[in-house]
Enquirer: 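Dropping the structure in here first, questions after.
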There are 2 protein chains.
Amino acid sequence: MECMNTAPASSAAAGEPRWLTDEEQRVWRAYVDATTLLEDHLDRQLQRDAGMPHVYYGLLVKLAEAPRRRLRMTELAKDAKITRSRLSHAVARLEKNGWVRREDCPSDKRGQFAVLTDEGVDVLRRHAPGHVDAVRQAVFDRLTPEQQKSLGEIMGIVAEGLQPSEAGADLPWLR
Amino acid sequence: MECMNTAPASSAAAGEPRWLTDEEQRVWRAYVDATTLLEDHLDRQLQRDAGMPHVYYGLLVKLAEAPRRRLRMTELAKDAKITRSRLSHAVARLEKNGWVRREDCPSDKRGQFAVLTDEGVDVLRRHAPGHVDAVRQAVFDRLTPEQQKSLGEIMGIVAEGLQPSEAGADLPWLR
DNA sequence: CAGTGAAAGTTGAGAGTTCAAGTATGGTGC
DNA sequence: GCACCATACTTGAACTCTCAACTTTCACTG
């Protein structure tokens with residue numbers, strides 16, 4: 001996936017780029033394949049059953065777990081690892097569905113809360129089982145306990161590496 | 001992410017759904033976070049440097065590795081784990097960029113080849129180093145050899161589970 | 001308390017994706 | 001060689017996401 005054996009071009013950082021070994025390539029391809037297939041699978045399942053993509057479902061879940069079923073937009077975006085812009089659009093859509101409602105923040109007039117409505121709780125309640133099933137069948141049922149543990153550790157490391165944890169305010173991607 | 005502790009609703013298959021344990025939830029969240037962040041990160045890097053999203057880059061790579069730098073649409077779609085529809089749109093875009101060209105298949109008048117052009121090879125040559133760097137920094141540089149091996153195995157299993165390998169003709173997702 | 005820069009959130013346009021439907025050709029059986 | 005269904009690929013509309021503004025409010029400084 002990453003190869004292109006004879007490529008003397010300049011690396012992002014230094015001279016000769018460190019190409020992936022064959023084994024690394026196998027790993028990387030497996031990763032890309034699996035994540036593509038899985039994201040697709042879950043999106044389809046949820047779109048069909050619950051009428052929303054996987055990310056949106058995740059947003060509802062985060063709201064459901066929050067103190068008064070509400071979260072500031074920025075915080076929700078941070079939790080879900082998406083941009084505020086994306087969240088804005090998403091919440092607009094979820095609002096149309098009646099699953100989320102916006103509320104002004106009293107202490108900060110710029111702020112908005114996204115609040116999970118009763119219908120939102122309901123849609124979650126109805127479709128959580130199907131979603132858990134899908135995740136189980138695709139992932140947990142196929143892995144040994146050791147592999148599950150490994151997966152958690154590995155993904156934790158990767159995730160941490162990509163979010164300068166508590167560094168910048170917004171999503172601290174590049175620059 | 002999947003929880004909703006007291007939810008007596010009916011599972012997709014049977015009675016009481018098998019909720020994720022706390023530990024499973026941690027693993028699943030780490031997975032979702034990492035994949036979201038990483039896909040985003042790579043998309044950004046490639047969009048900025050090469051002017052295309054990660055998937056498109058992957059398509060060019062697959063073509064570059066194919067026999068005469070060409071692949072039938074369906075086969076390319078299967079390799080890349082995307083639908084033919086998505087591929088159609090993607091190739092249309094890549095064609096506009098001059099990186100891919102379509103060619104009729106002589107033996108099957110319905111068929112089309114996607115062919116990597118010289119400019120396509122070039123764009124790949126120029127941006128492969130930066131992409132490999134990004135992948136290394138985000139993934140391989142952070143994992144021990146054992147973890148890399150584990151990751152490959154785990155992702156292989158998940159990927160295999162989602163594609164009934166050589167079963168149906170098209171992407172054999174659900175139903 | 002005006003001036004300034006950062007932060008919170010939204011918006012619109014453009015790009016990408018999905019879904020359902022459509023065209024055209026291939027293969028099979030009669 | 002014709003009916004019939006599967007296969008190969010495309011298309012357009014609806015939806016989602018990104019990116020770069022833009023608005024409003026906050027916090028700090030002099």
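By convention in this document, chain letters (A, B, ...) are assigned in the order of the sequence lines, proteins followed by strands, and residues within each chain are numbered from 1. For the numbers below, each heavy atom of this structure counts, side chains included, while hydrogens, waters and symmetry mates do not.
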Enquirer: For B:Leu60 and B:Met52, work out which heavy atoms get closest and say how close.
Expert: CD1-CE, 3.6 Å

Enquirer: Roughly, in whole Å, what's the span from CG in B:Asp43 to C1' in D:dC19?
Expert: 13 Å

Enquirer: Less than 3.5 Å between a donor and an acceptor, one on the side chain of B:Arg110 and one on the base of D:dT7, is that the case here?
Expert: yes

Enquirer: Is there any side-chain hydrogen bond (donor to acceptor under 3.5 Å, both in side chains) pair reaching into residues 86-98 of chain A, and which pairs are they, with sequence neighbours excluded?
Expert: A:Glu95-A:Arg102

Enquirer: Assign the ring pair B:Trp28 / A:Phe140 to parallel, tilted or perpendicular, where the plane angle (0 to 90°) is split at 30° and 60°.
Expert: perpendicular

Enquirer: Closer than 4.0 Å, any side-chain N/O of B:Arg102 to the OP1 or OP2 of D:dC9?
Expert: no

Enquirer: Heavy atoms under 4.0 Å, any strand shown: does B:Asp108 hit a base, just sugar-phosphate, or nothing?
Expert: sugar-phosphate

Enquirer: Distance check: side-chain N/O of A:Arg93 vs OP1/OP2 of D:dC15, anything under 4.0 Å?
Expert: no

Enquirer: Can you tell me the distance, in whole Å, between the CG atom of B:Asp104 and the P atom of C:dT25?
Expert: 11 Å

Enquirer: Between A:Val55 and A:Pro106, name the one whose nearest nucleotide on DNA chain D is closer to the 5' end.
Expert: A:Val55

Enquirer: Out of D:dC19, C:dG9, D:dC9, which nucleotide sits closest to the side chain of B:Thr74?
Expert: D:dC9

Enquirer: So A:Tyr56, base contact, sugar-phosphate only, or nothing? Heavy-atom distance under 4.0 Å.
Expert: sugar-phosphate

Enquirer: So, under a plain 3.5 Å distance rule, would you say the side chain of B:Ser85 forms a donor-acceptor pair with the base of D:dT11?
Expert: yes

Enquirer: Taking atom C1' of D:dT18 as reference, at what distance in whole Å does atom NE2 of B:His41 sit?
Expert: 17 Å

Enquirer: Taking atom types as modelled and ignoring hydrogens, do the side chains of A:Gln45 and A:Asp49 form a donor-acceptor contact shorter than 3.5 angstrom?
Expert: yes

Enquirer: Would you say A:Arg48 places a side-chain N or O within less than 4.0 Å of OP1 or OP2 belonging to C:dT18?
Expert: no

Enquirer: Nearest to the side chain of B:Gln112, heavy atoms from C-beta on, is which of D:dA8, D:dT10, C:dT18?
Expert: D:dT10

Enquirer: The side chain of A:His89 is closest to which nucleotide in this list: C:dA13, C:dG26, C:dT17?
Expert: C:dA13

Enquirer: According to a strict under-4.0 Å criterion, is A:Arg84 in side-chain N/O contact with OP1 or OP2 of C:dG9?
Expert: no

Enquirer: Could you state the CD-C1' distance from B:Glu75 to D:dT7, rounded to the nearest angstrom?
Expert: 15 Å

Enquirer: Please check this pair: side chain of A:Glu75 against backbone of A:Arg72, looking for a donor-acceptor N/O pair closer than 3.5 Å.
Expert: no

Enquirer: Measure the distance from CD on B:Glu39 to C1' on C:dT17 and round it to the nearest whole Å.
Expert: 13 Å

Enquirer: Let me know, please, whether B:Arg86 or A:Met73 comes out on the 5' side of the other along DNA chain C by nearest nucleotide.
Expert: A:Met73

Enquirer: Measure the CG-OH distance between A:Leu42 and A:Tyr57 for me, rounded to the nearest 0.5 Å.
Expert: 10.5 Å

Enquirer: For B:Leu46 and D:dC17, give me the distance from atom CG to atom C1', rounded to whole Å.
Expert: 17 Å

Enquirer: Rounded to whole Å, how long is the line connecting atom CE of A:Met52 with atom P of D:dC17?
Expert: 13 Å

Enquirer: Between atom NE2 in A:His54 and atom P in C:dT17, what is the gap in whole Å?
Expert: 19 Å

